[in-house]
Amino acid sequence: QVQLVESGGGLVQAGGSLRLSCIASGRIFSINLMGWYRQAPGKQRELVGIITSDGITNYADSVKGRFTISGDNVKNTMYLQMNSLKPEDTAVYYCKLINQTPRGGTLEYWGQGTQVTVSS
């Protein structure tokens with residue numbers, strides 16, 4: 001019903017910036033929230049940050065003050081602006097969407113991920 005396409009990953013030097021995009025398409029009825037997660041090699045997937053339908057954001061302590069989540073309602077796109085990148089930010093970054101259905105339930109969707117590599 002919903003497809004998520006991520007872009008913007010790549011290789012960047014420490015201290016640099018990247019902007020990730022997540023474009024949602026399909027049967028989007030009402031978005032409860034969207035979020036960014038990441039998974040580094042040998043580690044569990046962890047929450048980076050979320051944005052609610054009201055535009056309220058929350059971030060993990062490890063990225064607070066450096067990363068910013070925003071959205072474009074017209075284009076159904078969520079962004080993750082990453083500044084002051086560190087080598088420990090290296091991971092596959094995933095987009096998640098929670099969709100409110102007409103029946104009153106919710107459905108969760110994930111993107112395929114985009115690789116972010118930060119060199120020393």
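As the structure is a computational prediction, the values presented were derived from the model and not from experiment. These numbers come from the heavy atoms of this one structure, side chains and all, not from hydrogens, waters or symmetry mates.
Here CE of Met78 is found 9.5 Å from OG of Ser70. Values are rounded to the nearest 0.5 Å. Taken from CH2 in Trp36 to OG1 in Thr57, the straight-line distance is 15.0 Å, to the nearest 0.5 Å. Rounded to the nearest 0.5 angstrom, Arg38 CZ and Met82 CE are separated by 9.0 Å. Distance check, rounded to the nearest 0.5 Å: OG1 of Thr68 to CG of Leu80 gives 8.0 Å. Here CG of Asn32 is found 9.5 Å from OG1 of Thr52. Values are rounded to the nearest 0.5 Å.
A donor-acceptor distance shorter than 3.5 angstrom exists from the side chain of Glu6 to the backbone of Cys95, with no hydrogens or angles considered. No donor-acceptor pair under 3.5 Å is formed between the side chain of Gln39 and the backbone N or O of Ala91. Looking only at distances, a side-chain donor or acceptor of Thr90 sits under 3.5 Å from a matching main-chain atom of Val118. When atom types are taken as modelled, the side chain of Gln112 and the backbone of Val5 share no donor-acceptor pair closer than 3.5 angstrom. Within the 3.5 Å criterion, the main-chain N or O of Ala60 finds no donor-acceptor partner in the side chain of Ser62. The backbone N or O of Val74 lies less than 3.5 Å from a partner atom in the side chain of Asp72, making a donor-acceptor pair.
Hydrophobic clustering (ILVMFWY, side-chain heavy atoms < 4.5 Å, transitive): Val63 and Val116 are in one cluster. Follow the hydrophobic side-chain contacts under 4.5 Å out from Leu107 and you never reach Ile98; the two are in separate clusters.
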Side-chain donor-acceptor pairs under 3.5 Å in residues 11-23, sequence neighbours left out?
unit_1: Ser17; atom_1: OG; unit_2: Asn83; atom_2: OD1; d: 2.9

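Within the 4.5 Å cutoff, side-chain heavy atoms of Ile28 are placed close to those of Asn99. Contact annotation: the side chain of Ile51 never approaches that of Ile56 to less than 4.5 Å [non-hydrogen atoms, C-beta and beyond]. Looking at Lys96 and Glu108, their side chains come closer than 4.5 Å, going by heavy atoms from C-beta outward.
The nearest pair of heavy atoms linking Ala24 to Leu4 is CB-CD2, 3.6 Å. In plain terms, the two heavy atoms of Tyr59 and Ile69 that are nearest each other are OH-N, 2.8 Å. Shown here for Tyr109 and Val2, the closest heavy-atom pair between the two residues is CD2-O, 3.5 Å.
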- Query: Taking it one step at a time, do Tyr37 and Arg45 satisfy side chain to side chain donor-acceptor pair (under 3.5 Å)?
  - Reply: CA-CA 7 Å; Tyr37 293 74; Arg45 185 174 300 185; over 6 Å; no
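With a 6.0 Å radius and a threshold of 12 heavy atoms from other residues, nucleotides or ligands, Arg27 has its CZ atom at or below the threshold. More than 12 heavy atoms of other residues, nucleotides or ligands shown are found within 6.0 angstrom of CD on Gln3.
Relative orientation of the Trp110 and Tyr94 rings is perpendicular, given thresholds of 30° and 60° on the angle between their planes.
At a threshold of 4.0 Å, the pair Lys86-Asp89 does not count as salt-bridged, since none of the basic side-chain nitrogens sits closer than that to a carboxylate oxygen.
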